[in-house]
Structures are given as C-alpha cells and as structure tokens.
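Data first, discussion second: the structure below is written as structure tokens.
If you read the sequence from its start, that first residue is 1, and numbering goes on from there. Note that the structure is a prediction, hence the values are computed from the model and not measured. Values below: every heavy atom of this structure, side chains too, minus hydrogens, waters and symmetry copies.
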Amino acid sequence: MDILAVAAATFAAMMFGAIWYSAFAKPWMAVSGVPVDETGQPANRKDPMLYVTNAIGMLLVAVMMRHVFTLSGIDTVAEGAGSGFGIGLFLVVPWLLTNSNFAGRPVKLAVIDGGFATFGCTLIGIVLTLL
C-alpha cells in the first residue's frame, strides 16, 4: 500500500470536510440539533476527540479504498473519481439515509452529510490514483 497516497488522501478528505461543513454550517447546525455556544458555533468544536476520530475515520476510508482500488485494478484518475463517487453515493449515502430516517432526523441532515461522503470519497479516489 502506498502510505504517501493514503496519507495525502486522508488529509485531502479532512480539508474538504472543513470546507464543506463551513459552507453548510448554518443549515447543518439547524437540522443536526447540535448544541451551540453564545457565538452560534458548535459547543464542542474545541474537543480534540472530534478531530482525532475524524482523522481516524478518513484514514480508514482511504486505506479501504486503496485496498479495493488495488484489487479492482483502478489506477487512473477518472476511474478513481468515478469509483470514489460511487462508493460515496451508493454505499455511504443509503446507510446515512437509513440511520437518519430511523432516528427521526430530517432528510436534509442526511443530504448534507451524504454530500460530504460522496464528494469526499470522490476526492479520496482522485488523490489515491494521482500518487
């Protein structure tokens, strides 16, 4: 396994998440029900475990995608992007929708989170095949 590619893909997904959730911060906070502080920001935003678990999660996704890509012979950027998009949209999003529906959460929450999963996996697929 190419450690550099996996590390770069992990970092790229984390940075994309920061951008994604900055762009969708207000609607995400409104539908997620996350407690906010006096500034309107998530009350737990300074909890380092949020970022540790995010890093571990993105690393696990990148490692598994690298494994699947290797077994499947996916080695071009177009194949990586298409496969990443498919993994996000057709594996992760249905799972998120199911969880949201059973928890009685708004569909908009699953759409925002699913968008991150879809485009985050697409980006991971691109980075993995670039390096």
Side-chain angles (χ1 to χ4, degrees):
M1 175 183 321
D2 186 357
I3 294 172
L4 176 61
V6 169
T10 299
F11 181 76
M14 291 175 65
M15 292 303 99
F16 175 69
I19 294 165
W20 182 264
Y21 285 105
S22 291
F24 291 101
K26 287 187 191 262
W28 182 84
M29 286 187 290
V31 295
S32 71
V34 67
V36 296
D37 62 18
E38 62 281 347
T39 67
Q41 298 296 317
N44 64 350
R45 76 181 188 276
K46 293 183 181 178
D47 179 357
M49 283 310 296
L50 295 175
Y51 306 100
V52 170
T53 56
N54 174 253
I56 292 169
M58 294 302 101
L59 176 64
L60 292 173
V61 171
V63 165
M64 191 62 197
M65 285 181 63
R66 168 48 91 200
H67 175 68
V68 169
F69 284 14
T70 299
L71 292 175
S72 302
I74 296 167
D75 57 6
T76 69
V77 173
E79 291 171 340
S83 297
F85 184 84
I87 287 168
L89 187 62
F90 299 113
L91 295 179
V92 180
V93 171
W95 206 299
L96 287 172
L97 284 168
T98 299
N99 288 345
S100 287
N101 287 337
F102 274 97
R105 306 300 290 269
V107 172
K108 188 174 185 179
L109 178 62
V111 170
I112 294 169
D113 291 341
F116 168 60
T118 299
F119 296 114
C121 285
T122 302
L123 180 60
I124 289 171
I126 290 168
V127 173
L128 289 175
T129 53
L130 276 175
L131 301 177

Any side-chain heavy-atom pair of V52 and M49 under 4.5 Å
yes
Looking at G80, is its backbone amide N or carbonyl O close enough to the side chain of S83 to form a donor-acceptor pair, meaning the two atoms are under 3.5 Å apart?
no
Non-hydrogen atoms of S32 and L109 that approach each other most closely:
CB-CD1, 3.9 Å
Of all the heavy-atom pairs spanning V34 and P42, show the shortest one and how long it is.
CG2-CB, 4.4 Å
Rounded to the nearest 0.5 Å, what separation is found between the CG atom of L123 and the CE atom of M58?
11.0 Å
If you define the side chain from C-beta out and look only at heavy atoms, does anything of Y21 sit under 4.5 Å from D113?
yes
Atom pair OG1/CE of T10 and M15 - distance to nearest 0.5 Å:
11.0 Å
Rounding to 0.5 Å, atoms CG (L91) and CG (L96) come to a distance of 11.0 Å
State, with a plain yes or no, whether a side-chain heavy atom of M65 is found less than 4.5 Å away from one of I74.
no
Tell me, do M14 and N54 make a side-chain contact under 4.5 Å, heavy atoms counted?
yes
Between F11 and I19, is there shared hydrophobic-cluster membership here, with clusters defined by ILVMFWY side-chain heavy atoms closer than 4.5 Å?
no
What do you reckon, is CZ of F16 surrounded by more than 12 foreign heavy atoms closer than 6.0 Å?
yes
Min side-chain heavy-atom separation D2-V6 under 4.5 Å
no
I'd like to know if the side chain of W28 and the backbone of A23 have a donor-acceptor N/O pair within less than 3.5 Å.
no
Identify the two heavy atoms, one from V92 and one from A117, that lie closest to each other, and give their separation to 0.1 Å.
CG1-CB, 3.4 Å
Validation row: V77, L130 side chains within 4.5 angstrom (heavy atoms):
yes
Least distance between heavy atoms, G84 atom then C121 atom
O-CB, 3.1 Å
With no hydrogens and no angle check, is any side-chain donor or acceptor of N101 less than 3.5 Å from a backbone partner on L97?
yes
Any side-chain heavy atom of F24 sitting closer than 4.5 Å to one from V111?
no
State the CD1-CG distance between I87 and L89, to the nearest 0.5 angstrom.
11.5 Å
Should V63 and L131 be regarded as members of a common hydrophobic cluster, given that ILVMFWY residues are connected when their side-chain heavy atoms come within less than 4.5 Å of each other, either directly or indirectly?
no
Shared hydrophobic cluster for I126 and F69 (ILVMFWY, side-chain gaps under 4.5 Å)
no
R66 side chain vs L128 backbone, donor-acceptor pair below 3.5 Å:
yes
Would you confirm whether T53, through its side chain, and L50, through its main-chain N or O, come within 3.5 Å as a donor-acceptor pair?
yes
According to a 4.5 Å side-chain heavy-atom criterion applied to Ile, Leu, Val, Met, Phe, Trp and Tyr, with indirect links allowed, do F119 and W95 form part of one hydrophobic cluster?
no
Would you say F85 and V61 are hydrophobically clustered, going by side-chain heavy atoms of ILVMFWY under 4.5 Å?
no
May I ask you to decide if R45's main-chain N or O and Y51's side chain share a donor-acceptor pair within less than 3.5 Å?
yes
Do you know the tightest heavy-atom contact between A12 and V127?
CB-CG2, 4.0 Å
Looking at every heavy atom in both A9 and I124, which two are closest together, and how far apart are they?
O-CG1, 3.8 Å
